[in-house]
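In what follows, a structure is listed as C-alpha cells, so that the remarks can point back to it.
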Amino acid sequence: MERTEADIDWEHVQATPEFQQLRRRRRGFVFPMSATFLAWYLLYVLLADYAHAFMSARLWGNITVGLVLGLAQFLTTFVITALYVRFANRKLDPLAAELRAEYGG
C-alpha cells in the first residue's frame, strides 16, 4: 500500500541523516555559487559606476569592455545553471530518490 501525503511524517523525514545530508550537499553548492555570482555582479556594477574610462574602452568597433562584461553576466548565469543541473543529477537526485523510495511521496 502506497502512502499518501497525509500519511507521511514530514518532521521525521526532515530529521533523518539522509535528508540532512541532502540539505548539506545542496547548500554546499548553492551558497558558495550564489555568493560568487553576487560578488561578480557587484564588481560589474561598481565598475560601471566608478570606472567609466575602463568600461567604455573600445575592444573592436563599437564593442566596449562594459558590453562584453554585461554579456558575460548572461553567460555566467547559463554556466551556473548547467553546473547546478549536472551537480543535482549526480549528487542530489540519487539521494532524493532514496528518500522518496523509503518514505513515499
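Because the structure is predicted, anything quoted here is derived from the model rather than measured.
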Who are the side-chain contact (heavy atoms from CB on, under 4.5 Å) partners of [X], not counting sequence neighbours?
X	result
Leu38	none
Leu67	Ile63, Thr64, Leu71
Ala57	Val65

[atom1] of [X] to [atom2] of [Y]: how many Å apart, nearest 0.5 Å?
X	Y	atom1	atom2	answer
Thr16	Glu102	OG1	CD	7.5 Å
Gln21	Leu99	CD	CG	9.0 Å
Phe19	Tyr103	CZ	OH	11.0 Å

Same cluster (ILVMFWY, side-chain, under 4.5 Å), Leu69 and Leu59: yes
same_hphob_cluster(Phe31, Leu42) at 4.5 Å side-chain heavy-atom cutoff: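 Cluster IDs for Phe31 and Leu42 differ.
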Where at least one partner belongs to residues 47-63, residue pairs that pass side chain to side chain donor-acceptor pair (under 3.5 Å), sequence neighbours excluded: Arg58-Asn62
Residue pairs fulfilling side chain to side chain donor-acceptor pair (under 3.5 Å) with at least one residue in residues 25-48, sequence neighbours excluded: Trp40-Thr76
Residues 83-92, side-chain donor-acceptor partners within the protein, below 3.5 Å, at least two apart:
from: Asn89; atom 1: ND2; to: Val85; atom 2: O; distance (Å): 3.3

Side-chain donor/acceptor of Glu18 to backbone N/O of Glu98, under 3.5 Å: no
